[in-house]
There are 2 protein chains.
Amino acid sequence: MSNAIERRVPQQERGERRIAELLAAAEVVLSETGFEATTMKAVAQQAGASIGAVYQYFDNKEAVAHALLAQYDAEMDRRWVNLEEATRALSVEELAQRFVDVMIRFIEQHPAYIVVLFAPGTHKRDVKVQNRLRERLALVFRSRNRRLSKEQSLLVATLTLQMIKSMNSLYALSKAGERATLVEEYKLALAAYLTSRLAG
Amino acid sequence: MSNAIERRVPQQERGERRIAELLAAAEVVLSETGFEATTMKAVAQQAGASIGAVYQYFDNKEAVAHALLAQYDAEMDRRWVNLEEATRALSVEELAQRFVDVMIRFIEQHPAYIVVLFAPGTHKRDVKVQNRLRERLALVFRSRNRRLSKEQSLLVATLTLQMIKSMNSLYALSKAGERATLVEEYKLALAAYLTSRLAG
DNA sequence: TTAGAATATGAGCAGGTGCTCACATTGTCA
DNA sequence: TGACAATGTGAGCACCTGCTCATATTCTAA
């Protein structure tokens with residue numbers, strides 16, 4: 001459609017630093033402003049850079065969100081390596097609780113996570129990104145119920161992640177006093193679902 | 001904040017017709033374009049009217065979405081009057097299935113429903129709108145488990161509606177062939193959750 | 001038939017955003 | 001130190017959108 005100008009790949013350390021600064025700035029702006037209202041100018045300002053600098057490395061806002069999501073995904077993956085081993089001894093209830101707890105902590109540390117997760121186009125463009133965690137989850141489910149096909153376990157993982165997403169958006173909107181109750185309810189719901197799926 | 005000009009309240013039949021046309025147009029545009037990309041000009045065009053006409057009745061895009069949501073909500077409420085009575089004889093599993101089925105049919109008939117439901121500000125502004133269905137649901141849940149407090153039953157209703165929302169967004173994105181499986185899985189998940197909550 | 005109310009029109013202004021490009025600065029390396 | 005590459009800057013253009021308002025058209029009712 002448009003013949004966009006080529007973006008720079010950082011060659012020096014300061015280039016990489018800049019990218020990191022820009023992403024950190026984007027995290028702040030996105031979490032405070034939401035995706036739509038976030039402006040490239042605002043990101044630049046927050047990073048103490050010029051708009052020009054942003055466009056050296058990113059085509060547009062979507063690209064920034066995408067890079068941030070990729071970063072989050074890598075971090076998430078780091079936390080969940082060996083998910084199966086680490087949770088093997090847990091009951092299904094405990095598994096559900098553990099999963100919810102870790103995800104809650106993650107979004108508290110990275111408040112822009114749900115923003116980029118729900119950003120327009122995320123669904124279509126970043127399926128592969130979401131998939132890493134989904135596949136780790138599916139593996140856990142399959143190891144607990146051998147009768148689940150690969151597709152079935154992926155579907156269970158999909159619903160699980162959707163429940164987390166849904167919880168996250170409510171969590172972000174609710175007052176601090178209500179959050180504990182909300183989280184408990186989601187743990188219960190997830191446990192009920194997983195129990196019915198992993199029994200046997 | 002801004003002293004917006006006063007909008008017109010229709011006095012003649014053609015005024016009401018216009019509003020209906022505009023909302024119908026908005027439904028088309030919103031479902032095809034999504035909320036953010038939808039433009040007042042596009043809505044006017046789709047309705048065969050001028051931008052001026054749109055601004056006679058609506059302050060802005062949010063107002064249009066809000067009116068559409070209110071319309072959907074009224075329709076939904078019409079379908080669910082006597083929800084309790086109509087479902088009293090059903091088992092919890094059947095209740096979950098019935099609920100999912102009706103909601104799926106609704107969004108197939110009104111593809112803009114999830115768009116306005118997820119539109120920015122919907123959460124904050126239209127709590128009351130969402131609440132009607134939520135309260136009907138809560139009533140059903142309480143009548144099935146008297147030990148649930150009012151707050152608890154509302155929470156259960158909230159999670160239930162969130163599951164529906166989540167299903168809807170996946171449903172809209174998935175291919176026709178996968179939809180049946182998806183819907184079945186959500187029925188199962190909802191049934192599991194509700195069973196654990198309404199048992200006793 | 002006609003006055004006045006209701007409704008309809010769309011050019012145009014104010015304001016904002018995306019993104020570029022010519023130029024300035026900083027880093028690297030021989 | 002000099003030469004070139006890498007990075008940084010921000011004024012400014014092109015574009016778009018929300019929304020208004022002066023004006024035109026249609027309706028109502030006596």
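Protein chains get the first letters and strands the later ones, always in sequence-line order, with residue 1 at the start of each.
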Could you state the [atom1]-[atom2] distance from [X] to [N], rounded to the nearest angstrom?
X       : N      : atom1 : atom2 : value
A/Phe58 : D/dG8  : CZ    : C1'   : 15 Å
A/Lys41 : C/dT20 : NZ    : C1'   : 13 Å
A/Gln11 : C/dC29 : CD    : P     : 12 Å
A/Gln45 : C/dG16 : CD    : P     : 14 Å
B/Gln12 : C/dA6  : CD    : P     : 8 Å
A/Glu16 : C/dT28 : CD    : P     : 12 Å
A/Glu13 : D/dA6  : CD    : P     : 16 Å
B/Arg8  : D/dC19 : CZ    : P     : 18 Å

Starting the side chain at C-beta, find the nucleotide from [options] nearest to [X].
X       : options               : result
B/Ser50 : C/dA8, D/dC19, C/dT28 : C/dA8
A/Ile51 : D/dT9, D/dC19, C/dT20 : C/dT20
B/Gln56 : D/dC19, C/dT9, C/dG18 : C/dT9
B/Arg14 : D/dT7, C/dT20, C/dA8  : C/dA8
A/Ala53 : D/dT9, D/dT7, D/dC19  : D/dT9

### Message
Could you check whether B/Phe99 and B/Trp80 have their ring centres less than 6.0 Å apart?
### Response
yes
### Task
Classify the nucleic acid contact of A/Val9 as base, sugar-phosphate or nothing, counting any heavy atom under 4.0 Å across all strands shown.
sugar-phosphate
Think [X] has a side-chain N or O under 4.0 angstrom from the OP1 or OP2 of [N]?
X       : N      : value
B/Arg17 : D/dT26 : no
B/Arg18 : C/dT9  : yes
B/Tyr57 : C/dA8  : yes
B/Thr39 : D/dC16 : no

### Query
So is A/Arg179 actually on top of A/Tyr171's ring, under 6.0 Å and inside 45° of the axis?
yes
#### Entry: Residue whose closest nucleotide on DNA chain D lies nearer the 5' end, A/Pro10 versus B/Gly52
A/Pro10
### Task
Could you give me the CA-CA distance, side-chain angles and deciding distance for B/Phe106 and B/Tyr113, then say whether ring pair (Phe, Tyr, Trp, His ring centres under 6.0 Å) is met?
CA-CA 8 Å; B/Phe106 188 86; B/Tyr113 182 55; 5.0 Å; yes
### Message
Strictly below 4.0 Å, N to O, side chains only: are B/Arg88 and B/Glu85 in salt-bridge contact?
### Response
no
### Task
For the pair A/Glu75 and A/Arg78, find out whether any cationic side-chain nitrogen is under 4.0 Å from an anionic carboxylate oxygen.
yes
